[in-house]
There are 2 protein chains.
Amino acid sequence: MASKQELEKYLNIIKESNFNEKCPIKDALEVIGGKWKLNILGQLLRKEVCRFNQLKRDISGITNTMLSNSLRELENDELIIRNQYNEMPVRVEYTLTDRGRNLLPLLYELTIWWDDYKNNKENSK
Amino acid sequence: MASKQELEKYLNIIKESNFNEKCPIKDALEVIGGKWKLNILGQLLRKEVCRFNQLKRDISGITNTMLSNSLRELENDELIIRNQYNEMPVRVEYTLTDRGRNLLPLLYELTIWWDDYKNNKENSK
DNA sequence: CTGCATCCAAGGCGATACTG
DNA sequence: CAGTATCGCCTTGGATGCAG
């Protein structure tokens with residue numbers, strides 16, 4: 001839990017942020033939004049490197065279309081890197097960028113935040 | 001920036017999380033997702049307490065319908081509290097719960113993560 | 001003042017078939 | 001193997017009018 005002083009600092013920063021128009025938080029959420037992107041990032045966090053069909057097998061329910069679209073968007077946002085090897089047949093490997101890996105602490109804190117709440121709810125029953 | 005050891009710890013937790021089915025991260029993102037919820041939370045972070053029409057005025061472009069829906073969902077998720085005073089006319093005030101306020105450090109870090117990236121991009125030009 | 005009911009549009013998402 | 005093309009649904013969000 002953050003100290004009161006830290007919270008104060010955060011608050012000032014947030015206050016300066018404009019939630020109405022383009023704000024960094026919304027931009028950031030947009031990048032990891034969508035139905036499948038967290039799944040993809042999760043797989044790449046675990047395996048370091050992964051191929052197209054590997055991802056498709058591991059992410060239950062995803063279609064070619066969505067996997068393809070999501071990967072392209074993640075690449076454009078520089079969360080992942082696409083490496084193509086022109087062998088026969090073609091081999092393509094996806095890995096996380098530093099930016100992608102830096103999401104890790106954030107995802108961790110989101111988990112904590114969520115679990116804290118659920119635990120409190122359980123206890124108060 | 002987190003230490004290597006911390007990252008290791010985070011990674012293990014994330015690895016255990018199942019991204020395919022219901023995972024805490026997705027649940028958490030769902031709660032602050034939607035087009036207007038961050039705007040609302042931002043206003044409440046700034047003003048501590050806010051009435052319906054005040055929010056409507058401050059959040060440019062939001063309609064009654066969306067404000068109403070978003071507020072109800074945020075209340076169900078226990079991020080905000082709805083206080084109704086049966087005066088004439090009715091007065092309703094919204095405030096953040098502790099859970100809502102605890103989002104602050106998270107939002108802060110999202111901002112940092114996003115800005116880091118943008119700055120690096122600028123510098124490399 | 002604080003909403004809800006209704007209807008409507010746009011876009012995210014998905015199924016299927018096809019290609020280099 | 002690693003995708004693209006096409007088409008259609010369904011959810012999310014928005015406009016408007018009404019109500020307690």
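Sequence lines set the chain letters: A, B, ... in the order given, protein chains first and strands last, and positions in each chain run from 1. Model, not experiment: these values are computed from the prediction.
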d([atom1], [X]; [atom2], [N]) in whole Å:
X: Y94(A); N: dG3(D); atom1: OH; atom2: C1'; value: 8 Å
X: R72(B); N: dT12(D); atom1: CZ; atom2: C1'; value: 15 Å
X: E73(A); N: dG11(C); atom1: CD; atom2: P; value: 14 Å
X: Q54(B); N: dC1(C); atom1: CD; atom2: P; value: 11 Å
X: L67(B); N: dT2(C); atom1: CG; atom2: C1'; value: 9 Å

Measure from the side-chain heavy atoms of [X] and tell me the nearest of [options].
X: R51(A); options: dG14(C), dG3(C), dA2(D); value: dA2(D)
X: V90(A); options: dA2(D), dT4(D), dG3(C); value: dA2(D)
X: T65(A); options: dG3(C), dT16(C), dT16(D); value: dT16(C)
X: M66(A); options: dC1(D), dC13(C), dG3(C); value: dC13(C)
X: N64(A); options: dC1(D), dT4(D), dG3(C); value: dT4(D)

Checklist line | 5' priority, DNA chain D, between T63(B) and R57(A) [closest heavy atom] | finding: R57(A)

Notebook entry, point to check: Passes salt bridge (charged side-chain N to carboxylate O under 4.0 Å, His left out), D58(B) versus K47(B)? Steps please.
Noted result: CA-CA 11 Å; D58(B) 291 341; K47(B) 307 200 174 175; 2.3 Å; yes

Next item on the list: Consider only side-chain heavy atoms of I, L, V, M, F, W and Y, link residues closer than 4.5 Å, and tell whether L103(A) and W113(A) are in one cluster.
Entry: yes

Margin query: With nearest nucleotide decided by heavy atoms, which residue, K56(B) or G34(A), maps closer to the 5′ end of DNA chain C?
Written below: K56(B)

For [N], does OP1 or OP2 lie under 4.0 Å from any side-chain N or O of [X]?
X: W36(A); N: dG12(C); answer: no
X: K35(B); N: dG14(D); answer: yes
X: R82(B); N: dG3(C); answer: yes

Note to self: What's the separation between atom CG in N69(A) and atom CE in M66(A), rounded to the nearest 0.5 Å?
What the structure shows: 6.0 Å

Note to self: If I take atom CG from residue N39(B) and atom OG from residue S70(B), how far apart are they, to the nearest 0.5 angstrom?
What the structure shows: 9.0 Å

Next item on the list: Compare every heavy atom of Q43(B) with every heavy atom of L55(B), then report the nearest pair and how far apart it is.
Entry: CD2-CB, 3.7 Å

